[in-house]
**Student:** 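I have a structure I would like to understand better, so I am pasting it below and will then ask my questions one at a time.
So you know, we letter chains A, B, ... as the sequences are listed, proteins then strands, and number each from 1.
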Protein chains: 2
Amino acid sequence: MIMNRLPDKTVERLSQYRRTLNNQLAKGKTHIFSHEIANLLHITPVQVRRDIMLIGYSGTLRKGYDIKEMIELIGTIIDTDQGVKIAVIGMGNLGKAFIHYMYEKQTKLKIVAAFDINPDKIDKTYEDVYCYHLDRLEEIIKELGIGIAIIATPPEVASPLADRLKEAGIRGILNYTPRPLSPREGVYLEEHDMITSLEKVAYFVKA
Amino acid sequence: MIMNRLPDKTVERLSQYRRTLNNQLAKGKTHIFSHEIANLLHITPVQVRRDIMLIGYSGTLRKGYDIKEMIELIGTIIDTDQGVKIAVIGMGNLGKAFIHYMYEKQTKLKIVAAFDINPDKIDKTYEDVYCYHLDRLEEIIKELGIGIAIIATPPEVASPLADRLKEAGIRGILNYTPRPLSPREGVYLEEHDMITSLEKVAYFVKA
DNA sequence: ATTTGCCTGTTAATAGAATAACAAGGCAAT
DNA sequence: ATTGCCTTGTTATTCTATTAACAGGCAAAT
């Protein structure tokens with residue numbers, strides 16, 4: 001099945017579909033309608049069907065979509081066969097939150113290393129993830145074949161860090177620092193600013 | 001200055017403009033050009049000028065924008081005079097991350113309470129924020145006049161929690177749980193799913 | 001005085017996303 | 001068999017956001 005590059009928002013929803021479908025599967029359901037998915041995720045059924053159309057899947061008219069098939073298909077789209085290894089940089093609260101969220105989830109995405117500069121944190125494991133000194137960043141990335149890095153450091157170091165990550169061969173960066181990074185050739189960049197989210201809520205509450 | 005409801009993305013950027021401008025002000029700059037702001041945030045100068053137009057501000061032709069004026073104007077738009085009080089619900093790593101980020105930032109947004117059900121956390125303060133038992137949620141929200149809640153709990157409890165928050169008079173919810181909430185009448189809802197962000201990076205790295 | 005260059009402010013065009021609209025299929029009830 | 005209902009799949013439309021295009025202004029250089 002040839003697949004053009006999917007829209008940004010569709011990819012985001014696929015991730016959510018899969019998790020919801022896994023939940024439903026665990027509850028013993030085998031088939032599901034677009035409006036059921038929509039209700040669970042609080043979006044519209046049309047949007048669900050459109051996304052499903054875009055990934056080239058088809059449901060049956062009377063029973064809806066086969067949950068298991070759809071989970072597998074989404075897997076072939078957003079996962080890679082071998083999986084992707086991830087590093088968390090910065091073992092503060094946010095870094096730990098990430099590790100905790102991913103802990104024992106058997107996905108293809110696996111956090112395999114953490115980095116920090118605080119001696120109290122280095123050479124310890126947090127929920128099975130070993131923390132290295134930041135000096136060993138390039139070394140470990142290459143040794144373990146890490147493809148994605150989550151930046152959860154203080155904002156000042158984000159930019160030089162991104163340079164090092166690119167040099168070390170990282171393919172994707174998820175930046176949770178409030179300091180926007182410049183795009184780097186060949187490195188996919190995704191950013192999220194928690195303070196901005198909060199200020200946005202404040203604005204729309206006011207308005 | 002009459003202001004129509006600003007576009008979503010413009011509001012997000014205003015939050016970033018303000019922080020960047022504060023940085024520049026701290027460095028002693030008094031004026032700034034649109035392309036300078038753009039470079040700092042890695043967006044286009046047109047977008048900056050367009051946003052500035054939307055908030056009804058004007059720069060001078062030769063010197064660009066007056067940083068101080070602009071910071072103040074953004075303040076009148078996204079802040080309220082009295083400020084907004086915020087509660088963090090769930091004192092896990094993520095909840096702590098939020099508190100830490102907001103700590104000693106003298107903004108109009110102030111985290112004034114945390115809630116949890118773990119006795120180890122209750123009745124302690126973390127960076128000046130006192131943690132109450134979740135049973136006292138409604139009571140404390142009303143007593144302190146809290147307007148916004150950040151949900152940083154396990155996903156299972158997010159939905160019933162949102163009901164309680166609405167009942168207690170909360171005006172805005174920031175949901176960091178991977179479980180999407182249904183919109184509630186009169187409550188602004190903003191959501192962010194860290195796992196989805198990560199899977200999105202994985203997809204675009206692959207593609 | 002005129003030209004040049006570099007700004008801002010605004011309108012026009014384009015791209016991206018969500019929503020609406022609707023054709024077509026198939027089961028169930030009549 | 002026909003009707004009615006509820007579903008999917010897809011196209012068309014609307015809405016939102018970004019980007020391009022350009023008019024106007026001012027200071028400095030010529």
**Student:** Regarding Asp79(B) and Lys206(A), does a basic nitrogen lie under 4.0 Å from an acidic carboxylate oxygen?
**Tutor:** no
**Student:** Tell me if the NZ atom of Lys110(A) is crowded by more than 12 foreign heavy atoms within 6.0 Å.
**Tutor:** no
**Student:** Treating Lys200(B) as the side-chain partner and Asp8(A) as the backbone partner, does any N or O pair qualify as donor plus acceptor under 3.5 Å?
**Tutor:** no
**Student:** Quick check: are there more than 12 heavy atoms from other residues, nucleotides or ligands sitting under 6.0 Å from CG of Leu144(A)?
**Tutor:** yes
**Student:** Under 30°, 30 to 60°, or over 60°: which ring-plane class applies to His192(B) and Tyr176(B), parallel, tilted or perpendicular?
**Tutor:** tilted
**Student:** I'd like to know whether NZ of Lys105(A) has more than 12 heavy-atom contacts from other residues, nucleotides or ligands below 6.0 angstrom.
**Tutor:** yes
**Student:** Identify the heavy atoms of Leu94(A) and Met194(B) that sit nearest to each other, and give their distance.
**Tutor:** CD1-SD, 4.4 Å
**Student:** I need the CE-P distance between Met53(B) and dA23(D), as an integer number of Å.
**Tutor:** 17 Å
**Student:** Verify whether the ring centers belonging to Tyr103(B) and Tyr101(B) lie closer than 6.0 Å.
**Tutor:** no
**Student:** Could you check how far CD1 of Ile52(B) sits from C1' of dT10(C), rounded to whole Å?
**Tutor:** 14 Å
**Student:** Would you say that more than 12 heavy atoms from the other residues, nucleotides or ligands in this model lie under 6.0 Å from the CG of Asp81(A), or not?
**Tutor:** no
**Student:** Write out a two-atom table: protein N or O, nucleotide N or O from nucleotides 28-30 of chain D, distance below 3.5 Å.
**Tutor:**
none

**Student:** Inspect the contact between Glu12(B) and Lys9(B) and indicate whether a charged nitrogen and a carboxylate oxygen are less than 4.0 angstrom apart.
**Tutor:** no
**Student:** May I ask you to evaluate whether Ser58(B) reaches the phosphate of dG9(C), defined as a side-chain N or O under 4.0 Å from OP1 or OP2?
**Tutor:** yes
**Student:** What is the distance, to the nearest angstrom, from the CZ atom on Arg49(B) to the P atom on dT8(C)?
**Tutor:** 6 Å
**Student:** Give the rounded distance in Å between these two atoms: CE of Met70(B) and C1' of dT8(C).
**Tutor:** 13 Å
**Student:** Produce the list of close N/O pairs, under 3.5 Å, pairing protein atoms with atoms of nucleotides 17-20 of chain D; give distances to one decimal.
**Tutor:**
residue : atom : partner  : partner atom : Å
dT18(D) : OP1  : Arg13(B) : NH1          : 3.3
dT18(D) : OP2  : Arg13(B) : NH1          : 3.2
dT18(D) : OP2  : Arg13(B) : NH2          : 3.0
dT18(D) : O5'  : Gln47(B) : NE2          : 3.2
dT19(D) : O4   : Arg50(B) : NE           : 3.2

**Student:** In whole angstroms, how far is the P atom of dT8(C) from the NZ atom of Lys63(B)?
**Tutor:** 14 Å
**Student:** How long is the line joining CG of Leu61(A) and C1' of dC5(D), in whole Å?
**Tutor:** 11 Å
**Student:** Could you check Gln16(A), Arg19(A), Arg18(A) and say which one makes a side-chain hydrogen bond (donor to acceptor under 3.5 Å, both in side chains) with Glu199(B)?
**Tutor:** Arg18(A)
**Student:** By a strict heavy-atom criterion of less than 4.0 Å, which residues belonging to residues 28-42 of chain A are in contact with DNA chain D?
**Tutor:** Phe33(A), Ser34(A), His35(A)
**Student:** Between P on dT8(C) and CG on Leu54(B), what's the gap in Å once rounded to a whole number?
**Tutor:** 16 Å
